[in-house]
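Reading through the C-alpha cells given below for one structure.
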Amino acid sequence: LFYVKFERSTLSSIQLALTSNTSLRNIETFRGLDTLSAAVFFQALKTNRSVKKIKMFEPAFGNSSYQVFKNLLKENETLEEIELINPVSLGTKAEPTPKLQENLANLLEGIAESPSLKTVKVSLSKTAMLEEDTTAIFSHSRIAAAFKDMLTKNNVLTTLKLVNFRFKGPELEAIGAGLQNNKTLENLILEGNLMSWKGMKGFTAGLPGNTSLRNIDLQKN
C-alpha cells in the first residue's frame with residue numbers, strides 16, 4: 001500500500017475486508033499512514049486472524065494512533081512480526097519530547113501483552129535528529145519501566161531490534177533487569193546508542209540469569 005490515506009467513512013469497508021479475508025499474510029505500507037488512516041487501519045486489524053506480518057516504511061501517524069496500535073498488539077492473536085522503518089513520530093524533532101517518549105512507551109507496553117508477537121524491528125533514521133538532541137530523549141522512567149515489564153511479561157518474543165534510539169542509561173539498565181527473567185528472547189539488536197560504562201554495567205548485570213539469548217548486537221554504541 002503506497003502513500004496510504006484512509007478516510008473515517010471507509011472504516012466499515014476496511015474492517016469488513018480485513019475481518020473476512022483469511023488468506024492475507026503480509027501487509028506493507030510505504031509512507032503516508034497518517035494518524036487517522038492508522039487508527040482506521042489498526043482498528044480493522046484487531047479482529048483479523050490471518051495477517052502475520054506488518055511492515056511500515058516511514059509511517060506518519062501520531063500520538064493517538066500509538067494508543068490504538070498498542071491495543072492492536074494486545075488484542076490480535078495471530079500477528080507475529082512488526083517492522084517500523086523511520087517512523088515519523090518516534091524520530092523527528094517536530095514532535096515534543098514527551099510525545100516521543102509516550103509513543104515509544106505505548107509501543108513497548110503493547111508488545112509486553114502481545115500473545116503472539118515473535119519479532120519486533122524498529123529503526124530510526126541516523127539523520128532524523130542531531131546527536132546532542134537525542135542524548136536524553138528516551139531517558140524516562142515510564143520507558144525504563146516499560147522495557148523491564150515487556151521483557152518480564154512477554155513469553156513469545158524471540159527477536160527485538162531497536163536501531164538509533166540513542167539509549168544511554170536507565171533504559172539499558174531496565175533492559176538488563178528484564179533479561180534476567182526472560183525465557184524466550186534469542187536475538188537482541190541495539191545498534192546506534194550512547195551506551196556509557198554505567199549503562200553497560202546495568203545492561204550486563206541481568207545476563208548471567210538469562211538462558212535464552214543467542215545473539216546480542218551492540219554495534220555503533
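Because only heavy atoms are used, hydrogens play no part in the values below, and waters and symmetry mates are left out as well, while side chains stay in.
Proximity of Gln43 to Val68: side-chain heavy atoms (C-beta onward) are separated by under 4.5 Å at one or more points.
Residues satisfying the side chain to side chain donor-acceptor pair (under 3.5 Å) criterion with Thr119, sequence neighbours excluded, are absent altogether. Considering only residues two or more places apart in sequence or on other chains, Glu109 meets the side chain to side chain donor-acceptor pair (under 3.5 Å) condition with Lys70, Arg142. Shown here are the side chain to side chain donor-acceptor pair (under 3.5 Å) partners of Asn76, two or more places apart in sequence or in another chain: Thr78.
In this structure, Asn210 contributes its side chain and Gln180 its backbone to no donor-acceptor pair below 3.5 Å. Looking only at distances, a side-chain donor or acceptor of Asn164 sits under 3.5 Å from a matching main-chain atom of Leu124. Between the side chain of Ser123 and the backbone N or O of Ile85, no donor-acceptor pair lies under 3.5 Å. At least one donor-acceptor pair closer than 3.5 Å links the side chain of Thr158 to the backbone N or O of Lys118.
Atom OG in Ser114 sits 8.0 Å away from atom CD1 in Ile82 (nearest 0.5 Å). The CD atom of Glu171 sits 10.5 Å away from the CG atom of Leu190 when rounded to the nearest 0.5 Å.
Pairing each heavy atom of Lys53 with each of Leu79, the nearest pair is N-CD1, 3.9 Å. Residue Ile111 comes nearest to Leu117 through the heavy atom pair CG1-CD2, 4.1 Å, listed as atom of the first residue, atom of the second, then distance. A pairwise comparison of heavy atoms in Leu157 and Thr184 identifies O-OG1, 3.0 Å as the closest pair.
Taking the centre of each ring, Phe147 and Phe138 stay at or above the 6.0 Å mark. Centroid-to-centroid, the aromatic rings of Phe61 and Phe41 stay 6.0 Å apart or farther.
No more than 12 heavy atoms of other residues, nucleotides or ligands sit less than 6.0 Å from atom NZ of Lys220.
Residues Leu179 and Ile189 do not share a hydrophobic cluster, clusters being chains of Ile/Leu/Val/Met/Phe/Trp/Tyr side chains in contact below 4.5 Å.
Note: Phe69 and Tyr66 have perpendicular aromatic rings, judged against thresholds of 30 and 60 degrees for the angle between ring planes.
With no hydrogens or angles considered, a side-chain donor-acceptor pair links Asp34 and Ser37 at under 3.5 Å.
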